[in-house]
Amino acid sequence: MSGNMKINNYYDFDDEDYYYHYNRSISPLLVRRIIGPLIRRLEEYDDLRNKLLYEEWSLRDIVTITGHLATPFDLNTAYRRNSVSLSDQSNLKSAVRDIDFNLHLDIRLDDNRMPLYYLCRVRRDYWGEYSLIAEDLYMSPGYPVTDERFMKMMCSGHDSYFLRMSHFRPKIEKMLKLDDSHDADKIDAFIYDIGRHVFQAAWHEDQRLAVMTARHLELTTFMHAIELLYLCLSGELCELREVIDETSIRFFEEVYEQPGIKSFLKMLGGLEGGMLNNLPLKAGDLYKKLSVSFSKFLSTEVSWGARSLSVPLWKLLCGNFSRFDIIGGSLKRSDQVVEARDRLERDAQIIIRTMLNEVSENNTTAKDGKEGR
């Protein structure tokens with residue numbers, strides 16, 4: 001079927017609203033209109049669930065929420081008028097995929113064995129390790145998000161990591177001076193480009209322990225160093241040099257403040273191919289130094305518990321990985337952690353400066369070579 005060939009329209013919209021594409025992807029604006037009945041049903045369910053969790057409830061309330069999960073509602077797709085229910089998860093997910101190939105519905109159970117829902121739009125990246133989440137359409141209160149950079153969702157029968165760019169969307173809209181109700185495709189395109197060319201390399205799920213530690217113990221410079229070194233180590237620097245522009249650089253100032261990557265991208269355009277090849281080697285050496293500094297930080301002995309026992313920091317962090325937000329406040333007030341944190345931040349700042357000086361020197365060499373010719 002060709003890219004713009006119309007098919008039978010089962011939506012309550014005008015014929016020109018719907019076009020079938022090779023990957024069954026339609027405009028974000030139309031997706032929001034079509035998926036509306038599902039979002040309203042999810043909102044109603046979560047209102048009932050919150051009542052059971054946080055208010056007084058009766059047996060009638062349990063019957064009500066059970067009936068709400070099982071009651072069918074219409075969710076029209078391109079092929080047919082679908083009758084779906086929240087309790088029939090297989091049919092519901094199939095209907096969502098029929099609406100748009102790039103829609104994804106993930107369902108998890110909370111501690112009370114009640115379903116939690118996350119509905120989003122995904123941009124597939126067939127060249128990178130992760131596909132990108134471009135927009136959050138609905139997320140149940142309490143849906144598990146341990147790392148806002150990544151979402152682990154069920155895909156093709158197994159858990160897969162998706163790079164979550166959707167939380168940048170409101171700020172990107174403001175930076176680009178666009179209206180998401182009319183310019184959603186342009187915002188999607190920017191999200192895809194910055195995600196594919198920068199964050200695919202700068203972020204990785206293997207960083208989770210370091211990133212969680214950095215966020216809860218306020219290790220901002222350390223976090224910046226990790227991202228910069230990963231970008232230099234894993235990024236397609238030749239391709240990145242060609243696609244980066246002033247808007248992309250502004251992103252790392254106005255949307256996601258990252259001075260290291262911002263400075264790196266500003267200098268990247270002046271580097272020649274041979275010099276680009278040297279950067280991963282330098283980044284690899286600096287990453288080893290950063291890893292040693294982080295290991296020393298994790299080995300810090302902390303007075304902990306009612307008896308003020310001396311416990312290494314790594315044991316507290318690994319043993320409370322799912323409770324970082326609870327222990328983080330206490331650890332930040334520890335004199336031992338404050339002193340170790342300051343040392344790690346100084347080491348990270350030196351590493352960032354060294355990496356940028358390497359880029360700057362190569363940039364100067366490239367300019368001198370051109371002037372000499």
Side-chain angles (χ1 to χ4, degrees), residues 7-13 17-18 20 24-122 131 133-146 150-162 164 166 322:
I7 63 172
N8 291 332
N9 183 9
Y10 285 94
Y11 299 111
D12 296 325
F13 308 122
D17 277 341
Y18 189 86
Y20 186 90
R24 304 204 314 277
S25 180
I26 57 180
S27 76
L29 304 181
L30 186 53
V31 166
R32 295 170 191 170
R33 292 170 61 188
I34 299 170
I35 209 67
L38 173 57
I39 293 177
R40 288 191 291 272
R41 182 56 63 101
L42 293 175
E43 289 173 340
E44 293 167 357
Y45 159 73
D46 280 322
D47 286 342
L48 294 170
R49 183 174 64 89
N50 285 337
K51 182 178 180 180
L52 289 179
L53 293 176
Y54 304 112
E55 301 177 17
E56 293 185 3
W57 54 271
S58 64
L59 182 60
R60 179 177 295 180
D61 294 320
I62 297 179
V63 173
T64 300
I65 196 170
T66 303
H68 188 83
L69 289 169
T71 301
F73 63 97
D74 289 336
L75 187 63
N76 300 334
T77 72
Y79 309 105
R80 60 187 181 276
R81 294 188 182 275
N82 256 359
S83 179
V84 298
S85 68
L86 298 183
S87 60
D88 188 351
Q89 296 182 4
S90 178
N91 185 41
L92 179 61
K93 288 184 176 182
S94 177
V96 168
R97 285 194 300 269
D98 283 347
I99 291 173
D100 186 356
F101 177 73
N102 290 321
L103 273 178
H104 192 95
L105 177 64
D106 195 62
I107 304 173
R108 304 280 169 168
L109 295 179
D110 66 8
D111 294 337
N112 298 302
R113 309 296 294 174
M114 300 180 72
L116 301 172
Y117 299 88
Y118 177 51
L119 178 65
C120 60
R121 284 196 305 107
V122 174
S131 289
I133 298 176
E135 183 180 7
D136 296 332
L137 293 170
Y138 186 80
M139 182 184 291
S140 292
Y143 183 89
V145 181
T146 56
F150 292 97
M151 296 296 288
K152 186 167 70 170
M153 301 189 296
M154 186 64 66
C155 185
S156 300
H158 62 276
D159 281 331
S160 299
Y161 281 100
F162 288 75
R164 186 168 177 243
S166 51
S322 61

- Shortest non-hydrogen separation from Ile99 to Ile26 and the atoms involved: O-CD1, 3.8 Å
- Query: Listed by chain and number, what are the side-chain hydrogen bond (donor to acceptor under 3.5 Å, both in side chains) partners of Arg32, not counting sequence neighbours?
  - Reply: Glu135, Asp180
- Query: Between Arg49 and Leu116, is there a donor-acceptor pair closer than 3.5 Å when you use the side chain of the first and the backbone of the second?
  - Reply: no
- Which pair of non-hydrogen atoms, one from Asn76 and one from Asn82, has the smallest distance, and what is that distance? OD1-N, 4.1 Å
- side-chain contact (heavy atoms from CB on, under 4.5 Å) with Asp47: which residues, sequence neighbours excluded? none
- Message: Using every non-hydrogen atom in the two residues, find where Ser87 and Ala70 come nearest and quote the distance to one decimal.
- Response: OG-CA, 3.4 Å
- side-chain contact (heavy atoms from CB on, under 4.5 Å) with Tyr118: of Ile133, Leu105, Ile107, Leu137, only one passes, and it is Ile133
- Message: Using only atom types and a distance under 3.5 Å, with no angle test, would you say the side chain of Arg97 pairs donor to acceptor with the backbone of Leu92?
- Response: no
- Please report the closest heavy-atom contact between Met151 and Pro144, naming both atoms and the distance. CE-O, 4.5 Å
- Query: Can you tell me if Thr66 uses its side chain to pair, donor with acceptor, with the backbone of Ile62 under 3.5 Å?
  - Reply: yes
- Message: Can you list everything that forms a side-chain hydrogen bond (donor to acceptor under 3.5 Å, both in side chains) with Ser166? Sequence neighbours excluded, please.
- Response: Asp136, Arg164
- Task: Report the residues that fulfil ring pair (Phe, Tyr, Trp, His ring centres under 6.0 Å) with Tyr117, sequence neighbours left out, ordered by chain and then residue number.
- Result: Tyr45
- Task: Would you please name every residue forming a ring pair (Phe, Tyr, Trp, His ring centres under 6.0 Å) with His104, sequence neighbours left out?
- Result: Phe162
- What pairs of residues pass the side-chain hydrogen bond (donor to acceptor under 3.5 Å, both in side chains) test when at least one of them lies in residues 105-116, not counting sequence neighbours? Asp106-Arg108, Asp106-Tyr143, Arg108-Asp159
- Item | Separation between CG of Asp88 and NZ of Lys93, rounded to the nearest 0.5 Å | 11.5 Å
- Is the closest basic N to carboxylate O distance between Arg40 and Glu43 below 4.0 Å? no
- Could you tell me whether the side chain of Ser83 and the main chain of Asp74 form a donor-acceptor pair under 3.5 Å? no
- Note on the structure: The side-chain contact (heavy atoms from CB on, under 4.5 Å) partner of Leu103 among Val122, Asp98, Val96 is Val96
